[in-house]
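Working notes, structure below.
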Amino acid sequence: MASAARPRANPAFYALIALLIFMSIGPVLLLLVNSLKLDVDITSGAGGLLFMPTIRNYETALCDILWYEPEHLRFCQIRFGGAFVNSIIIALVSTALTLVMGCMAAYALVRFRFMGRDSLSLSTLAVRMIPPAVLLVPVFGLWNNAFCLDNDYGLGAWWRDTFGGRGDVCLAGTHGGIILIYVAMNLPFVIWILQSFIVQVPRSLEEAARVDGAGPFQTFFIVVLPLIKPGLAAASIFTFRIAWNEYLLASALADRDTMTVPILIVNNASEFDGLGTIFATGMLLAIPPILFTLFASRQIITGMTAGAVKG
Amino acid sequence: MARPTSPRLTANAAAPLRRRAPMLNRLTPYLFVAPAAVVMLLALFYPIGYMIWGSFRDWDPSQSLSETEFVGLANYAKLLADPAFHESFWVTMVFAFSVVAVEMVLGVGLALMLDRELRGMSVLRTLFILPMMIAPVVVGLVWRYMFHQTYGTFNRALEAVGLPDVNWLGQHPLLSVIIADIWQWTPFIFILSLAALQSLPRSALEAARIDGATGWQQIVHIKLPLMAPVLIVTMLLRLIDAFKVLEVILVLTGGGPGLSTEILALRIARTAREFRELGEAAAMSNYLLMLLMVLTLGMFAFTRFQEARARRLRFAAEQEEG
């Protein structure tokens, strides 16, 4: 390796690394610092890092779910707390559903031979490139018209009782509607990435389970799943990230009560007088991905490389 | 559900057991696939078909699709004659290709430079993937602040060294958007090319070193050619993703000033929601889809070709040895 030839790295090398680190986390730090500043401090330019940190922006942002009333606020304008709860529900539920469905499908594609297998695996691969913008028009049309359920009985009533939503039970405007499109959007990627992990599970283990009398579902859930945990971790992080960060489709489907955080940020980003508050909401939106990155970077990198190298 | 039925893990599974519950056996794979297949059919393939159908119709958001009028290829033709669509198309192209080109050069270059056993390498990689994990909306927010004319970070830095201000988002909007994307996605290329570098066969590198190849020669004649397959797939993946970018641009410039940063994805959203021309937006989506389909097919073809070549080489090597 190169290190053997050049055992002593020169200072320029370390300077380069320091610069790279500064460049990659600088904007993130800027976000954090600005979210702790008053608006005057953000725009005045004086100080830089020398300022009195304040949590006032966070209080303003979270005013609708705080247990006390922040003194500086006369009324609660940004309903960030509700959007935050919506984002959490949508991201968690869609991640869980995607993973369960995805790993079962991936297992079948790897281990069984059945009619339609090839076309399924091919179409899974092909739809990976579909951008959300392409789905915007049909999803908007379908979720508002064709996918409306009858309000009074049957599936429609159950859907409304379970997921809430407006009077006319269309998928648009419910958590369920947003979750459905996120699950569908993420499934191809999850199926495809988990396949590369399931292939590596030794077949002998599954056969041993079968000899012991386990059915296919038992074999899958008890034997295979624990062995592909790293793959599941990677897949869940990527799915969560997309569901958590997505703006376009959510903005087409959500109404006032199901609005997610990215929508709220885009809607409020143009008003520059609430600069600090917007930075605080941005920071709150960025925290879960940052935590994932810090604690599971290995899984993320594994997932990324598995996703690309096996193209 | 978990009742022990006679299992059939593979096609050649135990034949004597098969008779006990033949129906369930045959259905097992379908039971595994069904949930995912149903969701994808309902919320992915059906919408795509719906969109293609809708692209031939004069479609207003207040109508359901069956009430609309069939207009044939009118939407497509109208777009082809629309200068705004042309501009949007070229902005998308310039954005996607310049972003990918710069990111490839930077990412691969950095990977080549940092490919050594470094104590803190894993920390470094963790910090590098941070930008791409954060919501594009937030990235746009931060960069809009940094590009701001009066109190933005860049202009303050320019002022500090005595240079004149630059009106980033006003006069160089496309460049600003490209810079933000490069910041966010260069690490992707870096991480993948680093992984590719570290899985290169050591024997080839050692042989080159023993033969006295300089560092530069090693890179040009050994490392890059060996990395090429992974690099090309990485590049195509990134290119496909570059056509999906929307939120960063939406927050940074909103597509403006004028149409200077209005990429296709953004134009689709505006056509559908502001101009309320769903048919036209569907036709535009279809153009974008076809474009991405070509790229994806290119990627497939390339991987297939690469696999075939690898097999042939391995076969040839075995022949030589034997």
Side-chain angles (χ1 to χ4, degrees), chain A residues 2-3 21 24-25 27-28 30-31 43 45 101-102 104-105 107-108 111-114 126-127 129 131 133-139 141-142 145 180-181 183-184 187 206 210 213-218 241 245 247-248 262 265-266 269 282 285-286 289 293-294 297 300-301 304-305 308-309 311, chain B residues 1-5 7 9 11 28-29 32-33 35-36 39-40 43-44 47 50-51 64-65 115-117 125-131 133-138 141-142 151 156 191-192 195 230 233-234 237 240 243-244 246-247 251 265 268-269 272 278 281-282 285 288-289 292 296 299 303:
Chain A
S3 56
I21 294 178
S24 70
I25 62 170
V28 186
L30 187 70
L31 175 69
T43 47
M101 294 178 187
M104 283 171 60
Y107 181 69
R111 283 290 194 257
F112 296 108
R113 282 192 212 142
F114 56 94
V127 293
M129 56 37 166
V134 166
L135 290 172
L136 176 73
V137 173
V139 162
L142 284 173
N145 293 311
L180 177 66
I181 186 63
V183 172
L187 267 175
E206 287 166 59
R210 202 190 62 211
F217 285 94
Q218 276 177 317
R241 191 199 74 161
N245 292 345
Y247 161 75
L248 186 67
I265 290 181
V266 172
L285 185 70
T293 316
L294 295 185
S297 63
I300 296 174
I301 290 169
M304 252 168 38
T305 26
V309 176
Chain B
M1 187 165 88
R3 188 170 62 91
T5 55
L9 283 177
T28 308
F32 271 100
V33 167
V39 168
M40 275 163 60
L44 212 54
Y50 190 79
M51 176 201 81
S64 79
L65 197 49
D115 173 34
R116 45 183 93 185
E117 269 134 58
R125 278 193 299 192
T126 306
L127 295 180
F128 282 172
I129 52 177
L130 212 50
M133 298 302 286
I134 291 179
V137 169
V138 178
L141 198 66
V142 176
Y151 50 79
R156 266 189 212 155
I191 299 238
L192 291 184
V230 179
V233 172
T234 309
L237 273 181
I240 291 170
F243 284 99
K244 296 186 184 177
L246 177 120
E247 284 104 332
V251 178
I268 293 172
L278 284 187
S285 310
L288 182 60
L289 198 61
L292 289 173
T296 315
M299 191 166 80
T303 28

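Nothing here was measured: the structure is a model prediction, and the numbers come from that model. Below, chains carry the letters A, B, ... as their sequence lines are ordered, and counting in each starts from 1.
When all heavy atoms of B/P136 and A/N245 are compared, the pair lying nearest together is CD-CB, 3.8 Å. Residues A/M304 and B/I191 come closest through the heavy atom pair CE-CG2, 3.6 Å. Residues B/P131 and A/S24 approach most closely at CG-O, 3.7 Å, considering heavy atoms. The two residues A/A108 and B/P29 come nearest to each other via the heavy atoms CB-O, 3.9 Å. Here the closest non-hydrogen pair linking A/V137 and B/A272 is CG2-CB, 4.2 Å. Heavy-atom minimum distance, B/A265 versus A/A133: CB-CB, 3.5 Å.
In this structure, B/M133 CE and A/L294 CG are separated by 10.5 Å, a value rounded to the nearest 0.5 Å. Remark: A/F114 CZ to B/T28 OG1 distance equals 11.0 Å, nearest 0.5 Å. Separating the CG atom in A/L187 from the CE atom in B/M40 is a distance of 6.0 Å, to the nearest 0.5 Å. In this structure, CD1 in B/I129 is found 4.0 Å from CD1 in A/I300, a value given to the nearest 0.5 Å.
Under the 30°/60° scheme for interplanar angles, the aromatic rings of B/F32 and A/F217 are found to lie parallel.
Contacts of B/L246 with chain A are made by side-chain atoms alone, with heavy-atom separations under 4.5 Å and no backbone atom involved. In this structure, the portion of B/I240 lying under 4.5 Å from any heavy atom of chain A is its side chain and not its backbone. Contacts between A/L285 and chain B at a heavy-atom distance below 4.5 Å involve the side chain alone, from C-beta outward. Both the backbone and the side chain of A/I21 come within contact range of chain B, each with at least one heavy atom under 4.5 Å from a heavy atom of that chain.
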| query | Passes side-chain contact (heavy atoms from CB on, under 4.5 Å), B/L289 versus A/M129? Steps please. | reply | CA-CA 9 Å; B/L289 198 61; A/M129 56 37 166; 4.3 Å; yes
| query | Please walk me through it: do B/V142 and A/V28 pass side-chain contact (heavy atoms from CB on, under 4.5 Å)? | reply | CA-CA 8 Å; B/V142 176; A/V28 186; over 6 Å; no
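Ranked by heavy-atom pairs under 4.5 Å with chain B, the list A/I181, A/I25, A/I301 is led by A/I301. Among B/V251, B/L278, B/L141, the residue with the largest count of heavy-atom pairs under 4.5 Å with chain A is B/L141. Ranking B/L130, B/I268, B/L288 against chain A, the residue ahead of the rest is B/L130, based on heavy-atom pairs under 4.5 Å.
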